[in-house]
K.L.:
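Before anything else, here's the structure in question.
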Amino acid sequence: MTDTAATGNNFIRDKIQRQIDAGELRGSEVQLRFPPEPNGYLHIGHAKSICLNFGLAEHFGGKCNLRFDDTNPAKEDLEYVDSIQDDIHWLGFDWSGEIHYASGYFDTLYDYALHMIDNGDAYVDSLSPDEAREYRGTLTEPGKNSPYRDRSPTENRQLFEAMRSGELEEGSCALRAKIDMASPNMNMRDPIMYRIRKVPHHQTGDKWCIYPSYDFTHGQSDALEGVTHSLCTLEFEDHRPLYEWFLTKLPVPAQPQQTEFGRLNINYTVTSKRKLRLLVDQGHVAGWDDPRLSTITGMRRRGYTPAALGNFCEAIGVGRSDGVVDMSMLEHAVRGDLDKNAPRAMCVLDPLKVIITNYPADQSEEFIAAGHPNRDDLPSRTLPFSRELYIEQDDFREEANKKFKRMVIGKKVRLRNGYVLLAESCVKDTVGNIVEVHCSYDADTLGNDPADGVKPKGVIHWVDAKAGKRATVRLYDRLFNDPTPDRGEGEYLDKLNPESLRVVENCWIEPSLADAAPEDRFQFERTGYFVADKLDHSADKPVFNRTIGLRDSWASQGSA
RNA sequence: UGGGCCGUCGCCAAGUUGGUAAGGCUCGGGGUUUUGAUCCCCGCAUGCGCAGGUUCGAGUCCUGCCGGCCCAGCCA
């Protein structure tokens, strides 16, 4: 069982199922939506939301649409509108119907605002932002009514229209809902419905200079789209009374219900758009798609797969507590999918030359190696072999105890997919570094154990020195040394892991790898999972990113 | 010291009307293996934040504490 896709916990799925069982709605009527604000790149937390929303729609045979929650043009950009679509598609989902934009409802929302003004449920407040803050009160003290709170519907209408026409300055006034300045729920203390922002919008251009707030937009947008279940994270729980209040005050076509779930946090990484942006802007990483980032595009470049992310989201479940998931869970999901699907290949990262003294210099041959140990549907590959090859420095020792199952002088070791070798001697440079190992090979050991019945304990990977190709390999490690860089503000930049990226030039890869296309994934046997870089890889200059190492019980036991 | 929410094994997380603690991750032990990988077995909470109470019986009900998260943007 490499994944638990069928058993993940999800209280929302259960809740909808109960509603269906109770005959309150049909599965085909389930309507969800994924509502990102296009102000940054999507990250692993969004992946959870995407898998939840689109996954629920698939599960019940309902629908899920994409809606950009674009009510704050000052922070948004078309670049993000595009990247978000790419990320959703890459994850394997597609939205039903056309893409929706909250900005597409601006006309309707404006009419809704007028409706509320006419009913005495909204007023134009001329308090400055600073004054408004003072009037709002504090967490323990009630706020007080604005002196402009009792303006007549007629006056409010004129003022609101003036706001819209551009006659009024930013900050000079705002449209607010008339609810209760003494409410213990801060969100109900006459929340802002519209504010003046004289900036162009990426979708509506300069048509508007007033923009609706999240609270006045989200629920109505949901209703307009016929959304039955509006899912959001826990911090919006306090907004639910307001979400429902607007819905009861307006002639909306549906009554969506908001349900909150716990945000996803993973240790050793950050999932806050603000913090991610800072890492990018200050150059701590190479961009939004840096493989060390938990952005979807970054994980993609790192070599993670959509299936791995989906399995991970299913495995962590959906609940209402705000915990921190172990990075090991994500890694488990990634290894699980890659182990099942990634073709095998060999790559030597830290080369040590081996010369097979009893193998003729002018001779060579080709081995056929399986593409995958337990999948014959993956094509096999050809491994050229000759007198000289490279193995990993770490795989050789002049002498070692029995626990070391690799190449040791006087001992036998098996070349993966090849012969059994007997190490005889090694050559050192003037400072004592081992630069070459001399061995003899046993010609009868291709596919069988040595005739003497002594089976080598170890198997090592290798690359033929003549036929092998050079490659650059980028070894990634966690971006932060601290398990919770996301906690609190500031100082998370001090917790950056200075060794999060190690670039290794001049690695040796088996020739079959020269055919790799960007984004092709492999398991370099005994080393880890790697992906040909999406942007920098080419047959002439191969570049592989390490997605994740293999589990290594030997290393974790403290080697020898 | 206002309001809302949360607290079950190191980490996620089940536990519908009280009936005697799922599963996954991690970790430890063993088996298979031309990847010290995968895979396969086995082990890992007499206890469910704490303290009382109700009950034949409570993680599930009651009371009181303790701890954590969110809210005072004309951000979402």
Side-chain angles (χ1 to χ4, degrees), chain A residues 1-4 7-9 11 14 18 35-37 39 69 71-72 74-75 125 127-129 132-133 136-143 170-176 183-189 191-197 211 213-215 217-218 232-241 260 262-263 267 273 315-333 335-336 339-340 344 346 369 373-374 403-406 414-418 420 445 447-449 455-461 523-528 549-557 559:
Chain A
M1 308 315 91
T2 53
D3 60 68
T4 56
T7 58
N9 302 302
F11 79 95
D14 297 344
R18 280 196 293 277
E37 181 189 14
N39 67 343
D69 214 345
T71 58
N72 185 4
K75 293 187 174 176
D125 191 3
L127 245 28
S128 70
R133 190 183 322 119
R136 190 157 34 236
T138 68
L139 294 176
T140 52
E141 301 165 304
E170 280 188 24
S172 65
C173 58
L175 183 71
R176 301 176 66 174
S183 172
N185 181 343
M186 298 298 285
N187 296 300
M188 299 300 268
R189 318 246 265 225
I192 299 292
M193 291 168 59
Y194 265 94
R195 69 287 207 197
I196 300 169
R197 281 285 173 279
Y211 294 95
S213 64
Y214 163 84
D215 286 308
T217 305
H218 208 89
C232 61
T233 42
L234 255 23
E235 68 269 28
F236 289 100
E237 194 153 18
D238 288 341
H239 292 246
R240 188 168 6 119
E260 311 83 17
R263 202 183 247 299
N267 51 25
K273 276 187 192 170
I316 57 174
V318 180
R320 286 179 60 82
S321 61
D322 43 11
V324 180
V325 174
D326 265 357
M327 181 58 104
S328 66
M329 283 236 201
L330 214 205
E331 296 178 337
H332 172 77
R335 288 196 182 103
D339 173 63
K340 224 178 309 173
R344 309 287 127 120
M346 293 195 283
N374 4 281
K403 295 181 77 175
F404 186 77
K405 309 198 298 183
R406 310 178 187 185
R414 160 142 251 144
L415 288 179
R416 175 69 169 159
N417 296 115
V420 167
T445 53
N448 354 285
D449 290 335
K455 186 174 178 174
K457 281 206 289 288
V459 178
I460 61 174
H461 57 99
Q523 181 198 101
F524 288 170
E525 289 187 292
R526 301 211 315 131
T527 303
L550 247 37
R551 262 186 66 199
D552 190 349
S553 57
W554 193 67
S556 61
Q557 271 170 25
S559 301

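A, B, ... follow the sequence lines: proteins, then strands. Residue 1 opens every chain.
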K.L.:
Hey, which of these two, A:S172 or A:R526, hits RNA chain B nearer its 5' end, going by closest nucleotide?
P.N.:
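Mapping each residue to its closest nucleotide by heavy atoms, the 5'-most match is A:R526.
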K.L.:
Indicate, yes or no, whether a donor-acceptor pair under 3.5 Å links the base of B:U16 to the side chain of A:R18.
P.N.:
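No, no donor-acceptor pair under 3.5 Å.
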K.L.:
Find which nucleotide of RNA chain B each of A:L415 and A:H239 is nearest to by heavy atoms, and output the residue with the more 5' nucleotide.
P.N.:
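Looking at RNA chain B, the more 5' nearest nucleotide goes with A:L415.
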K.L.:
Any salt bridge linking A:R136 with A:E141? Criterion: basic side-chain nitrogen under 4.0 Å from a carboxylate oxygen.
P.N.:
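So A:R136 does not pair with A:E141 through a salt bridge.
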K.L.:
Write down the distance separating the P atoms in B:A51 and B:C69, rounded off to the nearest Å.
P.N.:
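Result for the P pair: 23 Å, nearest Å.
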K.L.:
Touch check for A:K273, heavy atoms < 4.0 angstrom, all strands: base, sugar-phosphate only, or nothing?
P.N.:
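The answer is nothing, as A:K273 stays clear of every strand by at least 4.0 Å.
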K.L.:
Which nucleotide, in any strand shown, forms a Watson-Crick or G-U wobble pair with B:C75, with both distances under 3.5 Å?
P.N.:
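The base-pairing partner of B:C75, which may sit in any strand shown, does not exist here.
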K.L.:
Name the nucleic acid region contacted by A:S183, choosing base, sugar-phosphate or nothing; use a 4.0 angstrom heavy-atom cut-off, strictly under.
P.N.:
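No contact.
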K.L.:
According to the 5.5 Å centroid and 30° plane-angle thresholds, does A:Y214 stack upon the nucleobase of B:A76?
P.N.:
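The base of B:A76 is not stacked with A:Y214 (the test needs centres under 5.5 Å and planes under 30°).
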K.L.:
Determine whether a donor-acceptor pair (one donor, one acceptor, N or O, separation below 3.5 Å) exists between the side chain of A:R406 and the base of B:G36.
P.N.:
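Looking at the base of B:G36, it does pair with a donor or acceptor on the side chain of A:R406 (distance under 3.5 Å).
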K.L.:
Can you tell me whether the side chain of A:N185 and the base of B:G4 have a donor-acceptor pair closer than 3.5 Å?
P.N.:
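Answer is no: no donor-acceptor pair is held.
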K.L.:
Under a 3.5 Å cut-off for both distances, is B:C5 Watson-Crick or wobble paired, and to whom?
P.N.:
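Partner of B:C5: B:G68.
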K.L.:
Using Watson-Crick or G-U wobble geometry with both distances below 3.5 Å, tell me the partner of B:U55, or none.
P.N.:
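Pair assignment: B:U55 / none.
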K.L.:
Say we look at B:G43 and B:G19: how far apart would their C1' atoms be, to the nearest angstrom?
P.N.:
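The same atom, C1', in both gives a distance of 28 Å.
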